[in-house]
Amino acid sequence: MNKVFLIIQREYLSRVKKKSFLILTFLVPSLFIGMMTLVVYLTANKDSDVKDFKVIDQSGIFKNQFNNTSNINFSYLNEDYEQAKKAIRKEKEDFLLYIPSDYAQTGKVEVISEKKPSISIVDDIETQMESILRNKKLIAAGIDTSVLNSSNAKVSINAKQLTDEGEKDASLGATYVVGFLAAFMIYLALFIYGAQVMRGVIEEKTSRIIEVIVSSVKPFQLMLGKILGIGAVGLTQFLLWIILSTGLSTLASSYINTDDKAKTEQGIKKDANHPDMKEINSGNKVQQFLKAADTINFPLIIGTFFFYFLGGYLLYSALFAAVGSAVDNETETQQFMLPITLPLIFTFIIGMNVIVNNPDSTLSFWMSMIPFTSPIAMMIRIPFGVPAWEIALSMALLVVGFVFTTWVASRIYRVGILMYGKKVTYKELAKWFSYKE
Amino acid sequence: MLSIRNIVKEYAKHRALDHVSMEVEQGKIFGLLGPNGAGKTSLIRIINQITGPDEGEIFFNGEKLNQSHINKIGYLPEERGLYKKMEIGEQMLYLARLKGLSRAEATKRIKFWFEKMEMQSWWNKKVEDLSKGMQQKVQFVATVLHEPELIILDEPFSGFDPVNAEIIKNEILELNQKGSTIIFSTHRMESVEQLCDHIALLNKSHKILDGSVKSIKNAYRNNTYHIGVSANFKASSSATFELINTISIEESEKLTIKLKEGFTTNDVLQELIPQTGVSYLEEVIPTINEIFIEKVKHLN
């Protein structure tokens, strides 16, 4: 056991000491947070001044129906369109919202201004118009506003999730993104670190040090040490990423949040007399998303992430090690790589298309149970809520799975590492597997 | 110290070792000789417990070979190899610790050896920055660092220039004098002939010859002698000897003769001296190489 520890130590230190490891460790979270901050900053900043919107409504549907928000002030003009257009060119900060008389038929509206309006403002106006139009149509159909309000309330219940702590706001968007990110990171990690194991084995084989090492330790100890050592590198990398990311994002969000809160409160006060508008106006989509992200059970996700990363890694890296032992150089790995990478790619594609849309379907269930697919499939499902027994069963199966692949791989590995200059086939691998000690 | 009994090792359709037995005595230099593919490496791998035998047993100092013996063996494989990107000092430390040395003890011994082999400045160098000969030296030191009781050297002199080969040879002899048992494995039989006390010849998975170098050579002496005589002497077979061939070398003729049954070299000299000038007479002692070829021919 002492020798395995020595091997782990070497594999770990020789990789962590590399410059590329340090660069990657700091670069990824900085880039990630940098991009997030930039997006949030840009959207938040555009909204900072109140924009004056002059409305020319020739359809007569929207007159006096718009609600001022924290950053949009509506006023209504009776002027001629062409005149107003000329006038607006002089007022650099103002916008002209032109609703032609044939709006009901074409559905087209123009915003005229010197500057391009921000996406969130356009978004706000679109939402308001849709809502106004819907109200009008419903009223015209004989449904009164109280029915309307209650029907709106029902819609929002659908987006809520029942948990032990009571009702929580949930955003499917945030859930989707968190699940996607976790699954994608595991997908990448299995490839990156699995390939590192494979390359490490090939390196030992081609440099011929392998025979010296296996005269000191058993092949299985060497394989195990290598897998665990590189796994520890992966864990270190992810831990550093998470610590750095949370550190940086707390910094970034503390800046954004103080800014947002004031604005949101302002918005709510202004719209207090229009209850059905509150939700729409209480911040743009980015803020809503950030708020919803707060409600996701991060300890559970991070915990399961590490478990599935480790389990999946142990399962696949053993296979990668076996492939590395069977070949003389990296170009020969192609033929054996496909059966290993196929389940990963397959799960990822199915996950993005089926599991995300239907996390509780039979297919989703089975894919999150089978050890070859569960590390990715389960990570997509977890943010949506998975019964504890399913998680426990899936984890247990994964443990059984990696013990099994490690056993199979080690039997191929012990023969493969001492074989040179042989074009290896699957039949050959099967033969190696059945060799006695 | 090492007793190899009836080892059989089979690969897919090929028997690499067929009931091979031999004894390696404590403190001796043992030559494991044979052409490529004879089964030498297979046997060495079994001794090193890299693979296991299909049949047969090996005893190390009277105990059945087991994991505890790994640290008592030093192995220099034929295909040399080190981690290319790792620093020399670090790498030696790692290899020594894998053989069970503590970090402190390993550091001490590496420093000692570096001084001895004049490679102090190599500690922080990477293997890829060293010449091939230098790498070989590093590997040799790594093999013997843990002061193994048994040192197995597979083709130890290949890749060394004559100067370094001599240095390594002397180190090996010194280790042997300090009590290490040494197994040489090589297909270049003449290279270790003078070094070995005892040899075993392997050919096509079988041991075909085994014994002390002296006794084997004695067994294969066949009363053949070289005699130097004056130029232009027309020699022919006589009552005492049979002439095998004649070569003219500068001012003399070199005769190769075989004594006839019941005669000695004195009889030959008495016959020749009256006829010509004799400058020398020496016995032709067959080389291990010749013995091997003879033996293989005989078996076929």
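Quick note on labels: first sequence line is chain A, next is B, and so on, each numbered from 1. For the numbers below, each heavy atom of this structure counts, side chains included, while hydrogens, waters and symmetry mates do not.
- Between Tyr11(B) and Val415(A), the closest side-chain pair of non-hydrogen atoms is not below 4.5 Å.
- The line from NZ of Lys85(B) to OG of Ser14(A) is 12.0 Å long, rounded to the nearest 0.5 Å.
- Here the OH-CD distance, from Tyr94(B) to Gln9(A), works out to 9.5 Å after rounding to the nearest 0.5 Å.
- Using a 4.5 Å cut-off between heavy atoms, Leu418(A) touches chain B through backbone and side chain atoms alike.
- Lys218(A) NZ: 12 or fewer foreign heavy atoms inside a 6.0 Å radius.
- The local environment of OH in Tyr426(A) is crowded, with over 12 non-hydrogen atoms from other residues, nucleotides or ligands closer than 6.0 Å.
- A distance of 8.0 Å separates CD1 in Ile209(A) from CE in Met86(B), rounded to the nearest 0.5 Å.
- Looking at Glu428(A), neither its backbone nor its side chain comes within 4.5 Å of chain B, counting heavy atoms on both sides.
- Looking at Glu78(B), there are no atoms closer than 4.5 Å to chain A (heavy atoms on both sides), in backbone or side chain.
- Chain B is approached within less than 4.5 Å, heavy atom to heavy atom, by Glu203(A), Glu204(A), Ser207(A), Arg208(A) from residues 184-208 of chain A, ordered by number.
- Between chain A and the residues Leu98(B), Ile70(B), Asn48(B), the largest count of heavy-atom pairs under 4.5 Å involves Leu98(B).
- Environment of CD in Glu118(B): sparse, with no more than 12 heavy atoms of neighbouring residues, nucleotides or ligands closer than 6.0 Å.
- Put simply, CZ on Arg10(A) and CG on Leu95(B) are 9.0 Å apart, with the number rounded to the nearest 0.5 Å.
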List the atom pairs, donor and acceptor, that lie under 3.5 Å between side-chain atoms in residues 306-324 of chain A and the rest of the protein, sequence neighbours left out.
from	atom 1	to	atom 2	distance (Å)
Tyr308(A)	OH	Ser394(A)	OG	2.6
Tyr313(A)	OH	Ile227(A)	O	2.6
Tyr313(A)	OH	Gly231(A)	N	3.0
Tyr316(A)	OH	Phe372(A)	O	2.7
Ser317(A)	OG	Tyr313(A)	O	2.6

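- Most heavy-atom pairs under 4.5 Å with chain A: of the set Gln139(B), Arg80(B), Arg97(B), His146(B), this distinction falls to Arg97(B).
- In this structure, CD on Glu211(A) lies 7.0 Å from OG1 on Thr41(B), to the nearest 0.5 angstrom.
- With Lys99(B) contributing its side chain and Ser215(A) its backbone, the two residues share a donor-acceptor pair below 3.5 Å.
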